[in-house]
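First the structure, in the form of structure tokens, and then the observations on it.
These values consider heavy atoms only, across backbone and side chains, with no hydrogens, waters or symmetry-generated copies.
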Amino acid sequence: MDNDTPPLIVDIDGTLTDENRAIDPHVMPVLREWPARVVIATGKAMPFPIALCEFLGIERTVVAENGGVVFVEATDELRLEGDHEAALAVGEAYRDLGHDLGFGQVDLANRWRETELVVSRDRPLEPLEELASARGLVVLDTGFAYHVTDPVVDKGTGLEAVCAELGFEPAEFLAVGDSVNDAQMFDLAGEAVAVANADETALERADRVTDASYGDGFLEAVAPYRS
Ligand SMILES: O=C(O)COP(=O)(O)O
Ligand SMILES: [Mg+2]
């Protein structure tokens, strides 16, 4: 293992993907050949980052659902945290107001979630925020979906949980992301890089901002560590 290359924690949507959530194929060999630990940290439900790790051929070290779900294959550890019942109750109350979640009958966005709930960004935000805060939850707008999530967890607590399992310090990590839901892992990482398409919060909390967007931004972010 190359001692100079930092362990990497990287977001998926908007960082490894284009604006339509499609993975940029150029990022795949970089992740596959990264000579240090790679952690995939996402607001998506766990099956998505797990599948990404499998298709990349890298160990499955995953922070999913904005930190609500943490899986470390190396120690066979799964941690779930977050008031899923409250998030589901928000969804029910939101539907009672006549708003559906926006992902159709099968709802692949929520089907495998265990700690939070997501609503499509084309649905009304204000009533969702009111229902969430009445139950001690927050709504994160990641640019891809509204996440009704428990503020006791975030990608930062997820990074800490992975570090506790694997014996790293969060400050050893290079973090790359695009959105408000990356803020806490940015704060803990030794170096935080926002891609050019990042939202205001991510841009503010980053140590460095790339000129390039999306997958090209990720490649620019990691370029200093690639010989
Ligand atoms: O699922 C989302 O809304 C965002 O996912 P991300 O954290 O991988 O960008
Ligand atoms: Mg993102």
Can any side-chain N or O of [X] pair as donor or acceptor with the backbone N or O of [Y] at less than 3.5 Å?
| X | Y | answer |
| --- | --- | --- |
| W34 | P6 | yes |
| D24 | H26 | yes |
| S120 | R123 | no |
| E172 | E169 | yes |
| D83 | D150 | no |
| D107 | R111 | no |
| E73 | E59 | no |
| D216 | L219 | no |
| Q184 | G156 | no |
| E65 | E116 | yes |

### Task
Please report the shortest heavy-atom distance between C163 and P170, naming the atom on each side.
SG-N, 3.5 Å
### Query
What are the two closest heavy atoms between P49 and T42, and how far apart are they?
CG-CG2, 3.6 Å
### Task
Evaluate side-chain contact (heavy atoms from CB on, under 4.5 Å) for L97 paired with L131, printing each intermediate quantity in order.
CA-CA 10 Å; L97 292 175; L131 292 168; 3.9 Å; yes
### Message
Please evaluate residues M185 and L188 with respect to the criterion side-chain contact (heavy atoms from CB on, under 4.5 Å), reporting the C-alpha separation (whole Å), side-chain torsions for both, the decisive distance (0.1 Å), and the verdict.
### Response
CA-CA 5 Å; M185 76 177 191; L188 291 174; 5.8 Å; no
Would you mind reporting whether [Y] and [X] have side-chain heavy atoms less than 4.5 Å apart?
| X | Y | answer |
| --- | --- | --- |
| V90 | L137 | yes |
| T61 | F71 | no |
| V222 | V30 | yes |
| S179 | T142 | yes |
| V10 | V39 | no |
| V162 | F168 | no |
| E191 | P224 | no |

Hey, are [X] and [Y] close enough for a salt bridge, meaning a charged N less than 4.0 Å from a carboxylate O?
| X | Y | value |
| --- | --- | --- |
| D13 | K44 | yes |
| E33 | R226 | no |
| K155 | D11 | yes |
| E77 | R79 | yes |

### Query
Looking only at side chains, do N66 and D154 share a donor and an acceptor under 3.5 Å apart?
no
### Side-chain H-bond candidate by donor/acceptor type, E19 with N197, under 3.5 Å
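No - no donor-acceptor pair under 3.5 Å links their side chains.
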### Task
Decide side-chain contact (heavy atoms from CB on, under 4.5 Å) for V148 and V118; before the verdict, give the C-alpha distance in whole Å, the side-chain angles of both, and the deciding distance to 0.1 Å.
CA-CA 6 Å; V148 179; V118 290; over 6 Å; no
### Query
Does a sphere of radius 6.0 Å around CZ in R32 hold more than 12 heavy atoms from other residues, nucleotides or ligands, not counting ones at 6.0 Å or beyond?
no
#### Entry: Distance in Å, L88 CG paired with H84 NE2, rounded so as to fall on 0.5 Å steps
4.0 Å
### Query
What class does the angle between the rings of Y94 and H99 fall in, given that below 30° is parallel, 30 to 60° is tilted and above 60° is perpendicular?
tilted
### Query
If you group Ile, Leu, Val, Met, Phe, Trp and Tyr by side-chain heavy-atom gaps below 4.5 Å, do I40 and Y225 land in one group?
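Per the 4.5 Å side-chain linkage, I40 and Y225 are co-clustered.
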### Query
Under 4.5 Å between side-chain heavy atoms, hopping through other hydrophobics if needed: is there a path connecting V62 to I9?
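Unlinked, V62 and I9 end up in two clusters.
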### Message
Apply side-chain contact (heavy atoms from CB on, under 4.5 Å) to residues F218 and D178 and explain how you reach the verdict.
### Response
CA-CA 10 Å; F218 168 74; D178 76 312; over 6 Å; no
### Task
Given salt bridge (Lys or Arg N to Asp or Glu O under 4.0 Å), test R121 with D141 step by step and report yes or no.
CA-CA 8 Å; R121 294 184 77 241; D141 178 3; 2.6 Å; yes
